[in-house]
There are 2 protein chains.
Amino acid sequence: MKQEIKKNTPLELNPNVSVDCVIFGFDFDKLNVLVIDRADGTSVPCALPGNLIYNNEHLDQAAIRVLEELTGLKNIYLEQIGAFGDPNRISKASDQSWLQKVRAQPEARVITVAYFSLVKMEDYVPQASSFAKSAAWIPLNNIHELAFDHMEILAAAKRQLKQMINIRPIGFNLLPEKFTLGQLHKLYEAILDKPMDKRNFRRKIQKLNLVKSLEEKQLGVPHKPSQLFMFDENNYQKLMQTGFNNFGF
Amino acid sequence: MKQEIKKNTPLELNPNVSVDCVIFGFDFDKLNVLVIDRADGTSVPCALPGNLIYNNEHLDQAAIRVLEELTGLKNIYLEQIGAFGDPNRISKASDQSWLQKVRAQPEARVITVAYFSLVKMEDYVPQASSFAKSAAWIPLNNIHELAFDHMEILAAAKRQLKQMINIRPIGFNLLPEKFTLGQLHKLYEAILDKPMDKRNFRRKIQKLNLVKSLEEKQLGVPHKPSQLFMFDENNYQKLMQTGFNNFGF
DNA sequence: ATTTGAAAGTGTTAATTTGACACAAAGCAC
DNA sequence: GTGCTTTGTGTCAAATTAACACTTTCAAAT
């Protein structure tokens, strides 16, 4: 485990620190997560997009870079979840043999720093990159096995998302620019994982003044078309400046 | 820092990952933080207790160990704040020259994982260890300079403490077993950094059933003696089991 | 043309919670 | 006993929450 650490060398991977990203998307019905397939013929569980950092790179920057390299997603705002540092977090046989192939020092002890983000699924149609075989959206509730300790990371991401949405109305990142209150309602139910009364939800969300109604309705839906709404960035900024911090339900 | 605990793998420091601890205490008036003095004759700013991790050690465990080595505090429950990974987080000249003395590879890039905890000040009377010159309680509001990026870490710890107390009644960790409602009240004001109405505070805290009144009063105070209270662990557990999650003010 | 299915949209009421506010009681020190 | 300091207590108006059901509008199927 000897290392030649040269700080000024530009692109040198740090063998001890990686980043992993939990990217949530919403398909108007349930939450999905972006995972990459490490398949190599044998069946090996999927993983969260992640990789080692460079030595001269900010952690946050590394997460952005790695995410782009593995999925093509650019300029995503990532929020840190935390560090995962069990010395045995890479102990499954399938993980170790996979690492043999892709890493210079597969035996090094790696701690990982996890990030999460919320993206509009419409903005991203998965497409393979050079490194991973493919990235794909998988419904959160169908994910039962992942590489390394990624199930743990995913659980932490869910917890944090649930908590965060009561503090900042981050949910809007998961919806297209124009959305209906019904979609927003379903999103909150998906994140908080509990049913919520429709009328009470609407009343509350409208009183916050975070959405502005457009002069436009849904088209082509086989039922009464909904009014369309947009997130009101201006009012959000104003609210935050007054120290407001409870968007909770 | 002299331990002969050898497992199969020899104890080897990981040059790239450290842990730092923010330990809060409450002196019935304001919050304090435990810092270690790195003084070496020249004047060098204090630091949070922290050090490199061992390669075969869980991050959480490393934080517990380092805290004990540097301050003597044992068996403290530490909660993770997050990872700090600016590649230039160790750029001040005073920090670098200090590292020359205490580290084998002072030029390595180090990311740090920060933890925080709340302790009863009565439980801990600072006493020097072999490594640091001394550890001391410093009023939070008097801390204006720290080594490395420790001011940033401290700010994050404050934010997290403020947030956390609305989700779990962690404040009780900062008080002695028996305390008065006045003390608890002051604690909340210190953490949330805002004045709170006395009667409303008492009403709310009592309705939560988290404190049970003892048949005992303060002695020797030069004013009307207060009823003493204890944290009601039982009711807390019950509340948590029903999924309760709002202890907020 | 009519029916059907599916989601949108809408208001009231009772219960609970919040915020604002002021004064008497109890102990110690002098 | 006077003065100082902190404890301890209740009410009311305003705001917020939770519970609850039916009509409207469209497309698709018949």
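Here is the naming used below: chain letters follow the sequence lines, and residue numbers restart at 1 for every chain.
Among pairs with a residue in residues 218-243 of chain A, none fulfils salt bridge (Lys or Arg N to Asp or Glu O under 4.0 Å), at least two apart in sequence or across chains. Residue pairs that meet the ring-ring contact (aromatic ring centres under 6.0 Å, His included) test with at least one member in residues 145-165 of chain B, sequence neighbours left out, are B:Phe148-B:His150. Among residue pairs with one or both ends in residues 143-154 of chain B, those qualifying as salt bridge (Lys or Arg N to Asp or Glu O under 4.0 Å) are B:Arg89-B:Asp149; sequence neighbours excluded.
Listed by residue number, B:Gly182 are the residues of residues 166-189 of chain B with a heavy-atom contact under 4.0 Å to DNA chain D.
To the nearest angstrom, C1' of C:dA20 lies 18 Å from CZ of B:Phe201. In this structure, NZ of B:Lys194 is placed 11 Å from P of C:dT18, rounded to the nearest angstrom. Distance, A:Gln206 CD to C:dT10 C1': 11 Å, rounded to whole Å. Between the C1' atom of C:dA20 and the CE atom of B:Met196 lies a distance of 15 Å, rounded to the nearest Å. One can place CG of B:Asp29 at 14 Å from C1' of D:dT6, the figure rounded to the nearest angstrom.
For B:Phe172 and B:Phe179, the distance between ring centers is under 6.0 angstrom.
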For residues 205-218 of chain A, run the donor-acceptor check on the side chains, cut-off 3.5 Å, and write out each pair with its distance to 0.1 Å, sequence neighbours left out.
unit_1	atom_1	unit_2	atom_2	d
A:Glu216	OE1	A:Lys178	NZ	3.1
A:Glu216	OE2	A:Lys178	NZ	3.3
A:Gln218	OE1	A:Ser226	N	3.0

Can you list, pair by pair, the side-chain donor-acceptor contacts under 3.5 Å of residues 239-249 of chain B, counting residues two or more places apart and other chains?
unit_1	atom_1	unit_2	atom_2	d
B:Thr242	OG1	B:Leu239	O	2.8
B:Asn246	OD1	B:Gly248	N	2.8

Contacts under 3.5 angstrom, residues 74-83 of chain A side chains, donor-acceptor by atom type, not counting sequence neighbours:
unit_1	atom_1	unit_2	atom_2	d
A:Glu79	OE1	A:Arg168	NH2	3.4
A:Glu79	OE2	A:Arg168	NH2	2.8
A:Gln80	OE1	B:Ala83	N	2.6
A:Gln80	NE2	B:Ala83	O	3.0

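Under the side chain to side chain donor-acceptor pair (under 3.5 Å) criterion, A:Asn32 pairs with no residue, sequence neighbours left out. Partners of A:Arg202 according to the side chain to side chain donor-acceptor pair (under 3.5 Å) rule, which considers only residues two or more places apart in sequence or in another chain, do not exist here.
Within 4.0 Å of A:Gln218, counting heavy atoms only, lies no atom of the nucleic acid at all.
Inter-axis angle, ends of the helix from C:dA1-D:dT30 to C:dC30-D:dG1, five pairs per end, rounded to 10 degrees: 10°.
Within the 4.5 Å cutoff, the side chain of A:Lys198 has heavy atoms near those of the A:His185 side chain.
Heavy atoms of other residues, nucleotides or ligands lying less than 6.0 angstrom from NZ of A:Lys120 number more than 12.
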Tabulate atom names and distances for all N/O pairs under 3.5 angstrom spanning the protein and nucleotides 16-20 of chain D.
unit_1	atom_1	unit_2	atom_2	d
D:dT17	OP1	A:Lys204	NZ	3.4
D:dA18	N6	A:Arg203	NH2	3.4
D:dA19	N7	A:Asn200	ND2	3.1
D:dA19	N6	A:Asn200	OD1	3.2
D:dC20	N3	A:Arg199	NH2	3.2
D:dC20	N4	A:Arg199	NE	3.4

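With A:Phe26 as the fixed residue, the side chain to side chain contact (heavy atoms under 4.5 Å, CB included) test singles out one of A:Leu140, A:Leu187, A:Leu184: A:Leu187.
Taking side-chain N and O atoms only, A:Ser226 has a distance below 4.0 Å to OP1 or OP2 of C:dG9.
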Protein within reach of the bases, or only the backbone? For nucleotides 22-30 of chain D, mark each nucleotide 5' to 3' as B, S or -, using heavy atoms under 4.0 Å. --BBBS---
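One N or O on the side chain of A:Thr112 and one on the backbone of A:Ser18 form a donor-acceptor pair closer than 3.5 Å.
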